[in-house]
Amino acid sequence: MLKALTFDLDDTLWDNAGVMLTTEQGHVDWLTENLAEWQRARGEPVTPAIALELYQRERVALGKRTWERRGDFSWLRERTLITLLKASGLNTAAARLWAALAMDRFHSLRIQVTPFPSTDAMLERLRPQYRLGTITNGNVAFHRLPLRRYFDACIAAGEMFAPKPDPRPFLAMLARLGVSPGQALHVGDSWEEDVLPALRLGMRAVWIAPATTPVPEGPSTGRGSLPAGVVRLERVTELEALLADMPGSPRQ
């Protein structure tokens, strides 16, 4: 019997692309403006603005050098900001202070997400029927969002040094929800990071993808067809109707 549903967050429960564009530039602009104001008030030279492209490039490079933390995006961002601020002339204490403040601004912008229409109502109806969890590779402060109230457990995979498709966040979630893989279904937009790891563990999976998106070819997807245990939906809010007809659903 299906007892638990686990969800990816970004681009599954909301469109994340626009939010990240605003967040990336927004927290760098905030840092430039406020650091300059602080330095002028202290009679100090103003630190040159950090170029977003340099920040992004150095962050990626740091992730490659510290492979175990490659998915811990908040840590990577803050460490990169500290390094760049020190290189521009700030002492270590000031660099750490302003990097932390910039990351606080980052998280305030990062949570300005809008769930897809009817998602909130769907989760409210599913909550009494299933144990619900989230598994994300992102670093959104999910505990600050209203949607958090529907979920029994939430895992940020990068912060446990095991970003998807690593099986460990899935196994940890199953343990927290108290279910076996066969009693759980995972919902996500990424074939590589959501669908495949769920299938490998014996979970069922829902792939959120437009009908025009080709199925990646592989040993279990002969001629591009979906493997057993996977259903494609264009919108996450189609999940409720799917569950109503699925064998093993509490509604059956």
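Separating the CG atom in L201 from the CG atom in L196 is a distance of 11.0 Å, to the nearest 0.5 Å. The distance from the CZ atom of R70 to the OG1 atom of T66 is 10.0 Å, given to the nearest 0.5 Å. R57 contributes atom CZ, which lies 10.5 Å from atom CG of L52 (distance to the nearest 0.5 angstrom). Here the straight-line distance linking atom CG of L31 with atom CG of L84 works out to 10.0 Å at 0.5 Å rounding. Taking CD of E58 as the reference point, atom CD of E53 lies at 12.5 Å (rounded to 0.5 Å). One finds the CZ atom of R131 at 10.0 Å from the CE atom of M173 (value rounded to the nearest 0.5 Å).
Contact between V195 and W207 at its shortest, heavy atoms only, is CG2-CB, 3.7 Å. Residues F116 and D15 approach most closely at CZ-N, 3.4 Å, considering heavy atoms. For the residue pair H27 and L109, the shortest heavy atom distance occurs at N-CD1, 3.7 Å. A pairwise comparison of heavy atoms in L145 and I111 identifies CD2-O, 3.3 Å as the closest pair. Residues S118 and T237 come closest through the heavy atom pair C-CG2, 3.7 Å.
Taking 4.5 Å as the limit, every side-chain heavy atom of L5 sits out of range of all side-chain heavy atoms of Q129. The side-chain heavy atoms of I135 and D8, taken from C-beta on, include no pair separated by under 4.5 Å. T12 places none of its side-chain heavy atoms less than 4.5 Å from the side chain of T136. Put simply, the side chain of L174 reaches to within 4.5 Å of the side chain of P181, judged on heavy atoms. Counting heavy atoms from C-beta on, the side chains of T80 and Q56 never come closer than 4.5 Å. Residues F106 and T23 have side chains in contact (heavy-atom distance under 4.5 Å, counting atoms from C-beta outward). With a 4.5 Å cut-off on side-chain heavy atoms, H186 and D194 count as touching. You'll find the side chain of T6 stays beyond 4.5 Å of the side chain of L185, heavy atoms only.
No more than 12 heavy atoms of other residues, nucleotides or ligands sit less than 6.0 Å from atom CD of E37. Residue-environment remark: CZ (R79) stays at or below the threshold of 12 foreign heavy atoms within 6.0 Å.
We find that R110 and D10 are joined by a salt bridge, their nearest charged nitrogen and carboxylate oxygen being less than 4.0 Å apart. Contact check on R149 versus D120 returns a salt bridge, with a Lys/Arg side-chain nitrogen under 4.0 Å from an Asp/Glu carboxylate oxygen. Contact check on E238 versus R232 returns no salt bridge, with no Lys/Arg side-chain nitrogen under 4.0 Å from an Asp/Glu carboxylate oxygen.
Judged purely by atom type and a 3.5 angstrom limit, N137 uses its side chain to pair as donor or acceptor with the backbone of K164. The backbone N or O of F142 sits nowhere less than 3.5 Å from a side-chain atom of R148 that would complete a donor-acceptor pair. Looking only at distances, no side-chain donor or acceptor of T213 sits under 3.5 Å from a matching main-chain atom of A209.
Judged purely by distance below 3.5 Å, without hydrogens or angles, the side chains of Q39 and T47 pair a donor atom with an acceptor atom. With no hydrogens or angles considered, no side-chain donor-acceptor pair links N34 and W38 at under 3.5 Å.
Under the 30°/60° scheme for interplanar angles, the aromatic rings of F7 and F151 are found to stand perpendicular.
For the side chain to side chain contact (heavy atoms under 4.5 Å, CB included) with L239, the qualifying choice from L126, L123, I208 is L126, the only one to do so.
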Do any side-chain atoms of residues 94-105 form donor-acceptor pairs under 3.5 angstrom with protein atoms, and if so which ones, sequence neighbours left out?
none

